[in-house]
> 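Have a look at the structure that comes next, please.
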Amino acid sequence: MPPAVRRLLASTLLGSIALALVFAGGALAEAGFAPVESRSPNANAINDAYNWVAIFTGAIFLLVQGSLLLFIVRYRRRKRARSEDGAQVHGNTNLELAWTVAPVLILVAIGSFVFWKLPEIQNVPSANASGGRVDVEVKGYRYYWNFEYPNGVISVDRLRAPVDQNVRLAITAPDFEVIHSWWVPALGGKFDAIPGVVNESWFRATAAGVYRGQCAEFCGIQHAAMTASVEALPREEFESWLEDEARAQEAGTSDLGRETYLGACAKCHGLAGEGDIGPTLAGNGLLEDPEAVEEVVRNGRNAMPPVGRDWEERQMSALTAFLEGGGLDGQ
Ligand code: CUA
């Protein structure tokens with residue numbers, strides 16, 4: 001084959017491989033392998049760091065795989081005898097300098113960029129910053145999230161938050177719990193919920209909507225069902241919800257009982273109490289007895305963890321009222 005034809009073939013081959021990789025990259029992004037689109041400044045900074053690192057890893061991937069293919073084609077055995085050695089090459093100062101210096105420069109570039117972005121990711125905006133701040137306590141339990149607002153409102157698995165306002169999260173777990181991990185990718189990084197330790201994180205949702213999250217630390221049999229969501233609402237809407245909810249929870253007319261059942265009970269006992277990992281609850285006379293329910297929920301039983309050992313009274317009575325009122329039949 002004349003060299004010109006060979007070069008043409010080789011460059012066509014490399015070109016199609018590069019093109020295929022670009023399409024594969026697009027398909028992977030579609031399939032959810034690329035980072036979730038960010039909706040908070042700290043998540044933006046995390047994605048910037050991801051993209052910066054991806055430029056280097058992508059280039060290295062193309063370089064290594066490209067030369068591999070090139071070498072396979074170009075230096076194949078052809079008609080040479082199997083026993084014949086190839087050319088013996090010893091030392092190449094320039095090449096050795098290049099593969100030592102280039103990685104150092106790449107690591108410096110990656111390291112400096114990440115350290116430059118780090119404050120944006122990590123530093124929780126001050127409570128006095130303009131626009132104020134909402135502080136929420138986030139607690140991980142097997143297998144749900146309990147949120148508590150400064151005015152005492154409790155919610156389960158769905159955190160409501162105002163748009164365009166800083167929200168500080170104090171992420172922890174009760175001392176009888178295991179380690180969970182709070183992660184809503186569109187709104188920032190992953191933070192462990194460790195018994196007895198408070199980890200701080202924050203977000204400022206830039207658009208209204210529901211952002212999905214998932215417990216990111218293997219915590220037991222229903223770890224996969226331990227999802228979370230953040231519902232970002234326009235500020236006035238959020239504030240009126242918070243006030244109305246506070247009144248409803250004090251009066252015992254809120255949806256907290258149902259929310260607690262769905263979060264803390266249904267993941268093991270089934271939506272309508274039909275039983276799954278945990279025993280069937282539907283039709284169990286115990287549900288009509290608030291004290292018996294409280295005893296099991298506070299202390300656990302057999303394989304069941306004490307899912308509500310440290311609940312406040314309002315959450316416990318919301319659950320027992322929901323069960324007593326035949327709440328399961330409506331599921
Ligand atoms: Cu909680 Cu995994």
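Just follow the structure's listing: the first ligand is 1, and inside any ligand the first atom is 1.
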> Does E291, at its CD atom, have more than 12 non-hydrogen atoms belonging to other residues, nucleotides or ligands within less than 6.0 Å?
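Not more than 12 within 6.0 Å, no.
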> Are L271 and L323 connected into the same hydrophobic cluster when the rule is that any two of I, L, V, M, F, W, Y join if their side-chain heavy atoms are below 4.5 Å apart?
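L323 clusters together with L271.
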> What's the verdict on side-chain contact (heavy atoms from CB on, under 4.5 Å) for F238 and V134, showing C-alpha distance, side-chain angles and the deciding distance?
CA-CA 11 Å; F238 167 76; V134 178; 4.1 Å; yes
> So do T260 and F322 actually touch side chain to side chain, heavy atoms under 4.5 Å?
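When only atoms from C-beta onward are counted, T260 and F322 do not touch, as no gap falls below 4.5 Å.
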> Ignoring waters, how many protein N/O/S atoms are under 2.8 Å from atom 2 (Cu) of ligand 1?
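Count of protein N, O, S atoms less than 2.8 Å from atom 2 (Cu) of ligand 1: 4.
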> With sequence neighbours excluded, what pairs up with Y144 under the ring pair (Phe, Tyr, Trp, His ring centres under 6.0 Å) test?
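Y144: ring pair (Phe, Tyr, Trp, His ring centres under 6.0 Å) contacts with Y141.
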> Is it the case that R212 and S229 place a side-chain donor and acceptor less than 3.5 Å from each other?
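Note: R212 and S229 side chains miss the donor-acceptor criterion.
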